[in-house]
Amino acid sequence: MQIESLKVFCDLAETESFTKAAQINQITQSAVSQQVSALERTFKSLLIERSKKKFRLTREGQILYDYAKQLINLYESLYNKLQEVREIVSGTIRVATIYSIGLHDLPPYLKRFLKQYPTVNLHVEYRRSNEVYENILGNVDDLGLVAYPSKDSKLEVLPLRKDKLVLVCHPKHPLAKQSNVRLKDLAGQKFIAFEPDIPTRKAIDKAMKDAGVEVQTVMEFDNIETVKRAVEIDAGVSIVPLATVSQEVAKHTLESIELEDGALFRPIAVIYKKNKVLSPAMKQFISTLKSDTAVMPLNAKPEKVAA
């Protein structure tokens with residue numbers, strides 16, 4: 001029996017999915033089944049109730065998971081401590097990010113990090129906000145990048161920065177000539193919105209409600225790129241993070257306009273599962289995200305904010 005088999009079993013127990021456990025460990029689903037069967041033979045116990053439609057561990061399986069998780073955490077702590085002592089920054093980091101952060105905020109940080117630590121394998125996946133949380137809680141990914149981070153007792157939240165939100169419209173839209181607008185100026189305007197479950201949409205809806213403003217929502221999309229394309233064809237106006245429209249504004253395919261009645265800001269943060277053992281590479285990546293110049297000591301712990 002090897003530590004890898006115990007990790008596969010723990011990943012299976014946490015994700016309740018043979019597919020995800022295989023994905024995390026970069027093996028086939030068949031290999032996951034074989035390793036579980038091998039553990040059952042070793043301990044002479046049934047670990048998973050295979051007759052149930054819903055995934056469920058047996059009593060013996062739960063006991064194995066509880067103890068195996070402690071062993072894995074101890075092993076990872078040992079491995080990472082040895083890397084710190086030897087000042088080695090390597091390994092794999094799995095990052096799940098929402099589209100707007102991944103496409104517009106993240107690239108320069110990725111470039112800086114990989115230039116400094118070329119031996120690190122950085123795997124980035126673009127996901128909806130709810131999927132980022134699911135992947136982090138299910139150990140599918142190591143770190144998540146989200147906007148308007150949710151409070152969860154199972155997560156650590158590290159605030160990064162706040163993105164300014166602005167109104168965007170077609171260059172020939174009547175509002176394009178104004179240097180700034182008030183939310184009430186948007187009353188009755190055709191509006192391109194994010195889908196209702198997107199955190200940025202919820203924040204914009206709240207700001208509109210507080211200002212007593214009703215817009216005419218004509219389209220809803222789940223990502224920033226599609227929202228921008230709709231505004232570019234003059235289907236309506238929208239409110240988006242300023243950083244996401246810099247190229248379009250420079251090319252004059254969109255106009256960005258400041259919101260006069262109090263600036264709106266979108267907080268973005270790194271999230272990871274509570275009690276997760278952060279490798280030296282993960283610590284340095286978080287350090288890169290938090291600061292343009294500072295580099296975190298390998299044996300330091302990132303400042304945490306209670307979720």
Undergrad: How long is the span from the NE2 atom in H252 to the NE2 atom in H170, to the nearest 0.5 Å?
TA: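 So the NE2 of H252 and the NE2 of H170 are separated by 13.0 Å.
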Undergrad: With a 4.5 Å limit on heavy-atom distance, are the side chains of E125 and N135 in contact?
TA: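 In contact.
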Undergrad: Applying the side-chain contact (heavy atoms from CB on, under 4.5 Å) test to R266, which of L165, V240, I239 qualifies?
TA: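 When L165, V240, I239 are each tested with R266, the side-chain contact (heavy atoms from CB on, under 4.5 Å) holds only for L165.
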Undergrad: Report the distance from atom SG of C169 to atom CG of L254, rounding to the nearest 0.5 Å.
TA: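 Rounded to the nearest 0.5 Å, the SG-CG separation comes out at 8.0 Å.
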Undergrad: Under 4.0 Å between a Lys/Arg side-chain N and an Asp/Glu carboxylate O for K228 and E232?
TA: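 No.
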Undergrad: With the side chain counted from C-beta on, respond yes when R229 and F221 share a heavy-atom pair under 4.5 Å apart, and no when they do not.
TA: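 The answer is no; the side chains never approach within 4.5 Å.
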Undergrad: Charged N to carboxylate O under 4.0 angstrom, K276 versus E76?
TA: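 Salt bridge flag = no for E76 with K276.
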Undergrad: Rounded to the nearest 0.5 Å, what separation is found between the OH atom of Y133 and the NZ atom of K154?
TA: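 Answer for the OH-NZ pair, Y133 versus K154, is 14.5 Å.
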Undergrad: Is any NZ, NE, NH1 or NH2 atom of the basic residue among K206 and D210 found under 4.0 Å from an Asp or Glu carboxylate oxygen of the other?
TA: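 Looking at K206 and D210, the cut-off is met.
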Undergrad: Are Y109 and F113 an aromatic pair by the rule of ring centers under 6.0 Å?
TA: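 That pair fails the under 6.0 Å test.
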Undergrad: Which value, rounded to the nearest 0.5 Å, describes the distance between E156 atom CD and I136 atom CD1?
TA: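 Rounded to the nearest 0.5 Å, the CD-CD1 separation comes to 12.5 Å.
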Undergrad: May I ask you to say whether R182 pairs ionically with E258, meaning some side-chain N is under 4.0 Å from a carboxylate O?
TA: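 Salt bridge absent between R182 and E258.
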Undergrad: Locate the shortest heavy-atom distance separating L71 from L6; write the atom from each residue and the value.
TA: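 Minimum heavy-atom separation between L71 and L6: CD1-CD1, 4.1 Å.
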Undergrad: Do the side chains of K290 and L160 get nearer than 4.5 Å, heavy atoms only?
TA: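 In contact.
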Undergrad: Do the charged groups of D142 and K273 touch, with an N to O distance under 4.0 Å?
TA: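 Looking at K273 together with D142, the answer is no, because their closest N to O distance does not fall below 4.0 Å.
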Undergrad: Under 4.0 Å between a Lys/Arg side-chain N and an Asp/Glu carboxylate O for E134 and R127?
TA: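 No.
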Undergrad: Should the ring pair F18 and F55 be called parallel, tilted or perpendicular, given that the plane angle runs from 0 to 90° and is split at 30 and 60?
TA: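 Answer is perpendicular, since the angle exceeds 60°.
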Undergrad: Using a strict 4.0 Å threshold on nitrogen-to-oxygen distance, state whether R56 and E16 make a salt bridge.
TA: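 No salt bridge links R56 with E16.
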Undergrad: Assess whether a salt bridge exists between R94 and D141, defined as any Lys/Arg side-chain N lying under 4.0 Å from an Asp/Glu carboxylate O.
TA: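 No, no charged N to carboxylate O under 4.0 Å.
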Undergrad: State plainly whether the residues D222 and R128 are in salt-bridge range, i.e. N to O under 4.0 Å.
TA: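 Salt bridge: yes.
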